[in-house]
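Reading through the structure tokens given below for one structure.
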Amino acid sequence: MTKYTGLAERVLEGHVLKDEEALSILGSPEEDLLPLLHAAYIIRKHYYGNKVKLNMIMNTKSGLCPENCGYCAQSIISKAPIEKYAMMKKEEIVAGAARAAELNAGTYCIVASGRGPANRELEIVINSVKEIKSKYEHMTVCACLGLLKPDQASRLKDAGVDRYNHNINTSEAHHESITTSHTYEDRVNTVDLVKQSGISPCSGVIIGMRETKQDVVSMARSLYAMDADSIPVNFLHAVDGTPLGGTDELTPIYCLKVLCLFRFINPTKEIRISGGREVNLRSLQPLGLYPANSIFIGDYLTTTGQESERDYQTLKDMGFEIDLEPLAKQPVPV
């Protein structure tokens with residue numbers, strides 16, 4: 001038994017990692033990678049078996065955002081040459097759900113840039129979700145529309161939105177280094193709001209934005225305290241024209257250690273390998289499925305993903321199966 005296996009078994013018994021244990025995972029020697037992955041897999045298998053949840057994202061409104069987030073090609077301060085367009089029509093959003101169903105994506109994510117949805121944009125999303133639910137009743141629908149007001153959250157819930165994503169992105173201490181146009185508390189409050197409305201909360205992070213290892217531990221702990229059901233772990237895909245353009249501080253092995261850390265600290269939660277996995281995990285992408293149990297399939301917001309056939313082949317080769325159970329019918333982790 002390795003020290004990581006012993007730690008995993010203690011986590012399954014209810015142990016919460018101490019800071020020194022968490023930092024030892026991020027700072028573990030490279031020759032410990034396989035024992036660490038095995039230990040994270042013990043936890044992952046206990047709660048999720050060998051199933052992998054597939055998610056597909058639709059960027060329903062691109063660019064035109066007044067926020068100054070340093071990582072984002074859609075922000076007002078970005079000079080990145082991206083496609084910009086106003087809110088899609090309902091028919092286009094519903095067509096995206098059909099594509100998600102074809103790809104065996106159990107979760108369809110409706111994303112729109114901006115600080116928060118205008119009334120017209122919210123109406124389009126609500127009407128789209130109602131039609132999607134009438135056609136694909138077992139599909140989990142996730143919305144990501146920015147900061148919400150209480151009545152907006154309630155209307156999304158009534159329309160059939162199962163999950164709402166609003167990432168904390170980084171630690172509270174590092175937040176002002178990334179954006180100043182909204183606060184860390186604004187993000188946490190939105191996650192709390194959707195929980196109160198009865199929507200499953202989804203919140204995650206972006207790794208590789210010049211944060212410290214302690215920041216990474218703080219992120220994982222914050223999401224544990226927030227009780228986020230789904231945790232997307234993004235790895236910065238630095239885009240030229242953004243303040244973080246040219247940043248390149250991640251290695252595939254470190255990314256795997258981060259995924260393991262998030263599994264150890266949030267053992268019962270859906271850990272999703274998200275944006276930037278292709279450029280940061282590179283040839284080690286398959287190993288990420290030992291700690292994580294969810295991935296995006298297809299393209300992201302302003303960057304392209306890899307061909308879905310490669311992901312299917314990876315799952316098959318590794319002995320994993322696609323999880324098609326709807327959110328409401330999935331067993332509660334114990």
Side-chain angles (χ1 to χ4, degrees), residues 55-97 99-100 103 105 108-118 120-122 124-125 128 142-147 164-170 175 177-182 186-187 202-210 232-250 272-282 295-308 311:
N55 307 260
M56 196 197 92
I57 195 168
M58 172 67 81
N59 192 13
T60 62
K61 177 187 173 186
S62 180
L64 311 173
C65 183
E67 303 298 294
N68 65 355
C69 304
Y71 55 83
C72 186
Q74 302 185 79
S75 79
I76 194 170
I77 59 173
S78 169
K79 296 179 173 59
I82 64 165
E83 186 178 6
K84 299 178 182 180
Y85 49 84
M87 196 74 184
M88 288 180 173
K89 297 179 180 178
K90 180 187 75 171
E91 291 75 15
E92 296 174 285
I93 298 174
V94 174
R99 177 58 178 159
L103 292 173
Y108 177 53
C109 307
I110 300 172
V111 183
S113 66
R115 183 176 177 83
R120 172 185 167 275
E121 295 167 343
L122 191 72
I124 292 174
V125 172
S128 300
C142 177
C144 178
L145 311 173
L147 302 175
Y164 194 88
N165 167 261
H166 197 63
N167 293 333
I168 58 170
N169 287 327
T170 192
H175 178 86
S177 299
I178 303 303
T179 180
T180 57
S181 54
H182 58 268
D186 287 334
R187 290 187 169 269
C202 172
S203 187
V205 299
I206 306 173
I207 304 297
M209 299 195 296
R210 303 171 186 166
V233 180
N234 299 274
F235 299 102
L236 181 68
H237 185 163
V239 177
D240 290 340
T242 64
L244 286 172
T247 304
D248 183 17
E249 58 185 28
L250 299 176
R272 184 188 315 150
I273 315 175
S274 300
R277 68 178 167 99
E278 297 86 353
V279 298
N280 287 293
L281 283 166
R282 299 194 287 276
I295 60 172
F296 274 114
I297 195 162
D299 295 334
Y300 302 98
L301 294 176
T302 61
T303 57
T304 56
Q306 66 187 20
E307 303 85 356
S308 55
D311 289 323

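Predicted model, so just to flag it, every value in this text is computed and none were measured. Numbering of residues begins at 1 and proceeds along the displayed sequence. Side-chain atoms are counted along with the backbone in the values below, which use heavy atoms only and exclude waters and symmetry mates.
With sequence neighbours excluded, no residue forms a side-chain contact (heavy atoms from CB on, under 4.5 Å) with I76. The side chain to side chain donor-acceptor pair (under 3.5 Å) test applied to E121 returns K61, not counting sequence neighbours. For R272, the salt bridge (Lys or Arg N to Asp or Glu O under 4.0 Å) test picks out E270, with sequence neighbours left out. Scored by the side chain to side chain donor-acceptor pair (under 3.5 Å) test, T247 finds R210 as partners (sequence neighbours excluded). With sequence neighbours excluded, no residue satisfies side-chain contact (heavy atoms from CB on, under 4.5 Å) with D240. The salt bridge (Lys or Arg N to Asp or Glu O under 4.0 Å) check on R282 picks up nothing, with sequence neighbours excluded. Shown here are the side-chain contact (heavy atoms from CB on, under 4.5 Å) partners of S177, two or more places apart in sequence or in another chain: H174. D311 is linked by a side chain to side chain donor-acceptor pair (under 3.5 Å) to R277, Q306, counting only residues two or more places apart in sequence or in another chain. Annotation: side-chain contact (heavy atoms from CB on, under 4.5 Å) contacts of T180 (sequence neighbours excluded): N68. Looking at residues two or more places apart in sequence or on another chain, you find a side chain to side chain donor-acceptor pair (under 3.5 Å) between N169 and Y71.
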request  = Start with the C-alpha distance between H175 and H182, add both sets of side-chain angles, then the distance that settles side-chain contact (heavy atoms from CB on, under 4.5 Å), and finish with yes or no.
outcome  = CA-CA 9 Å; H175 178 86; H182 58 268; 3.9 Å; yes
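Taken from NZ in K84 to OG in S78, the straight-line distance is 7.0 Å, to the nearest 0.5 Å.
Between N59 and M88, the shortest heavy-atom distance links the atoms O-CE, 3.5 Å.
Screening residues 63-82 for salt bridge (charged side-chain N to carboxylate O under 4.0 Å, His left out), with sequence neighbours left out, gives E67-R115.
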